[in-house]
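Shown next, in structure tokens, is the structure this report addresses.
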Amino acid sequence: MATPLLAGLAVATAALAGRYGIQAWQAFKARPPKPRMRKFYEGGFQPTMTKREAALILDIRENATPDKVKEAHRRVMVANHPDAGGSHYLASKINEAKDMMLGKGKGSGSAF
């Protein structure tokens, strides 16, 4: 007697779980796509380089160690070097950011 009742409950549970799964899948497919790229800083350069701006350019913290600054400078410079098709202006700003983070820069050392 109990076996048909348990079988009926199992079928009903499976049907409800299937229905919920289909609804969840449709909701997942209907959501707007997320951009897969990181959100970059929107805005131009300031007239004189600040430590905050230098950290944003190199994608490091303002209190990063000199080794982290050099590593970040190399990573960003490889992607933007003028000999590899990058911009001379961006390369000068990247170098200026490195100098600012290492304490060598006082003001705008950019050639542009």
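What's counted below: heavy atoms across the whole structure, side chains too, no hydrogens, waters or symmetry copies. Every value quoted in this text rests on a predicted model; they were computed, and no experiment measured them.
For the atom pair CD (E62) and CZ (R52), the distance works out to 7.5 Å, reported to the nearest 0.5 Å. The CE atom of M100 sits 7.0 Å away from the CE atom of M49 when rounded to the nearest 0.5 Å. Of the inter-residue distances, the one linking E53 atom CD with T48 atom OG1 reads 8.0 Å to the nearest 0.5 angstrom. Summarising the geometry, atom OG1 belonging to T50 is positioned 8.0 Å from atom CG belonging to L56; distances are rounded to the nearest 0.5 Å. In this structure, CG in D59 is found 11.0 Å from CD1 in I57, a value given to the nearest 0.5 Å.
K98 is not listed as a side-chain neighbour of V76, based on a closest heavy-atom distance of 4.5 Å or more.
Here side-chain hydrogen bond (donor to acceptor under 3.5 Å, both in side chains) pairs that include residues 68-81, with residues two or more places apart or in two chains, are H73-N95. Screening residues 6-25 for ring pair (Phe, Tyr, Trp, His ring centres under 6.0 Å) gives W25-F28 as the qualifying pairs, with residues at least two apart or on separate chains.
Closest approach of A54 and A97 over heavy atoms only: CB-O, 3.6 Å.
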> Step by step, would you call F45 with L90 a side chain to side chain contact (heavy atoms under 4.5 Å, CB included)?
Replying inline: CA-CA 10 Å; F45 294 110; L90 286 179; 3.8 Å; yes
